[in-house]
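Pasting a structure here, questions to come.
All figures in this text were calculated on a predicted structure; none of them were measured in a lab. Per chain, numbering begins at 1; letters A, B, ... match sequence-line order.
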Amino acid sequence: MMTKPNFYITTPIYYPSDNLHIGHAYTTVAADSMARFKRLTGHDVWFLTGSDEHGQKIERAAKNKNQTPKEYVDHIVDGFKRLWERLDVSYNDFIRTTDERHRKVVQQFFNTLYEQGDIYKSAYEGWYCTPCETFFTEYQLADGKCPDCQREVEKVREESYFFRQSKYAERWLKFIEENPDFIQPVSRRNEMVSFVNQGLEDLCVSRTTFDWGIQVPFDPKHVVYVWVDALTNYISALGYGTEDEELYRKFWPADIHLVGKDIVRFHTIIWPIMLMALNLPLPKKVIGHGWLLLDSGKMSKSKGNVVDPHVLVDKYGVDAVRYFLLRELPFGSDGVYSEEALVKRINTDLANDYGNLLARSSTMMEKYQQGVLQTPGVPEGPDTELIDLATKTPVLVQEYMEKCEISNALAAIWQMVGRANKYLEETAPWTLAKNGQTERLNTVLYNVAEIIRFATVMATPFMPNLPSRVWPQLGIEDKPELHTWESLTWAKLPGDTTVKRGEVLFPRIDLKSLEV
RNA sequence: CGCGGGAUAGAGCAGUUGGUAGCUCGUCGGGCUCAUAACCCGAAGGUCGAGGGUUCAAGUCCCUCUCCCGCAACCA
């Protein structure tokens, strides 16, 4: 038996200082659709997500609620998981930085780096705002004052451990030169290269001013600080350094770390350098996607304009919300969210083009053929063009997905759907029926049914609930062999399939109803 | 003068090596009647940010200017 190729994809681990918004949902749904696509096309997939639970912010937030940090994060992380379930996110594992399995690996890494001299003790100099109990760097200060409360800050020195990342700058630059595709999109890579060219400083990797974190094994008053803790999740979750390293051996290095553009730097510089220092293989690719912006600017809690994904799912359904997110953000660029844009997408693409294609054609099949398809005759006229397009589209979609261009992949599928609607006008089956041109009628309706099957198979990774609603209408719910990627060869659909007109897939939404 | 990217129809974007400016949505007109007032066809609408230059020919190359946006280190 042939072994499947492996594919390992990750999302960032989100910080549970608050509930997640639609932006986080975008990242995770995008990763999910990649994971589902790879599974559909015959890969052995490992899809990881999780939560980054340590730090002063969490410690303080818990205190405000009179909870232990652990109680506090448990609650929020439950919310993360509920959201992912709601959005049909098919993760294989959920790593929490408070997991025991994670702690061990972080401590081991810290030890190793320390023993080989890549971590050393020094002092972290910063500015401290006593009322806010927060450290700021020189760069963060606003006019020399606290950026939060505008009061005076004082210079303090804190004993800290540092990671000698500056030592690896040359090696990093060489790596990027040899692996130009490592950072996507290219614009981000250029930013990172110029950042490193400006000179890398060593990285502060421990703190003594709070306790909520992983202890530095050889110096217990220190807690491991941020990135060494957080980034390690990508391999601690695979059981690296434990008695069972099977997943690690199988899936590392990761194929894709999918991250938002705000954390590209940490994933493309700190993480690879850490791995270099540890002599471990580097991930193959880091993709920094854009943000979903609001008309009113960036989404932020302080602006009170955060969009809750639960509300959207309640209102419009999972598949529609997923489709919108995946279709609306071109690769690497920002997209704009507005409820109007969402509804427009649902109406034009899902209701008018795709849903209506199924509705109109299934009606004709019932009306003119008693619901039973017939074997198609010899292709003529526009048939060839339609069939050609259907044959090419899966290849195109696969190419786009290889480049992680999800939006383009969807556009390609919908181009085929659009062609099918046009095909119906060209062939006018209602006229064929009237004139008793049965053979031609059979061919036309068969071709459209087959197009719908193609579109639905290809759309599955993006809208996982679609197939279970479409297959019964197409009469192939009991034929799993017709639901696979491999089945996307023309005319696989049996000639005697029984079609049954069913529910409207995506009802049109009245835009005016939004203005209430 | 920190590095880099933009400025193209009402909106959002494509425009390879320079040779009659395209796509999606929206608007208007027509067609069809199988369909979720859906679908198909057609039209209007752009001095391609401003100015200068190279060229037979520039959105596409060069220079200057204006305006936007990323990155510029320890909040994830």
Quick one: which of B:rC39, B:rC71, B:rC75 gets closest to the side chain of A:E191?
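Among B:rC39, B:rC71, B:rC75, the one nearest the side chain of A:E191 is B:rC71.
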With sugar-phosphate meaning primed atoms plus P, OP1 and OP2, does A:N347 contact a base, only sugar-phosphate, or nothing at under 4.0 Å between heavy atoms?
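No contact at all - A:N347 keeps every heavy atom at 4.0 Å or more from the nucleic acid.
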What's the closest nucleotide to the side chain of A:K422 if the choices are B:rC41, B:rC34, B:rC39?
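Nearest to the side chain of A:K422 among the choices is B:rC41.
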If you look at every strand shown and take non-hydrogen atoms under 4.0 Å, does A:N190 touch a base, only sugar-phosphate, or nothing?
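A:N190: no heavy atom of the nucleic acid under 4.0 Å.
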Using a 4.0 Å heavy-atom cut-off across all strands, classify A:Y225 as base, sugar-phosphate, or nothing.
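Sugar-phosphate contact only.
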Within the 4.0 Å heavy-atom criterion, would you say A:R327 contacts the bases, only the backbone, or no part of the nucleic acid?
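The answer is nothing, as A:R327 stays clear of every strand by at least 4.0 Å.
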Remember a base hit wins even if backbone is also touched, and classify A:I263 as base, sugar-phosphate or nothing at under 4.0 Å, heavy atoms.
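The answer is nothing, as A:I263 stays clear of every strand by at least 4.0 Å.
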Base, sugar-phosphate, or nothing: which does A:D202 touch, judged by heavy atoms less than 4.0 Å apart?
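A:D202: base contact, heavy atoms under 4.0 Å.
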Should A:Y423 be listed as having a side-chain N or O under 4.0 Å from OP1 or OP2 of B:rC39?
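Answer is no, no contact under 4.0 Å.
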Over all strands shown, is A:G260 touching base, sugar-phosphate only, or nothing at heavy-atom distances under 4.0 angstrom?
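No contact at all - A:G260 keeps every heavy atom at 4.0 Å or more from the nucleic acid.
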Donor-acceptor pair under 3.5 Å, A:N352 side chain vs B:rA38 base:
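Not at all, since no donor on one side and acceptor on the other fall under 3.5 Å apart.
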Residue A:D52, side-chain atoms from C-beta onward, closest of B:rC3, B:rA76, B:rC74
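So the side chain of A:D52 is nearest to B:rA76.
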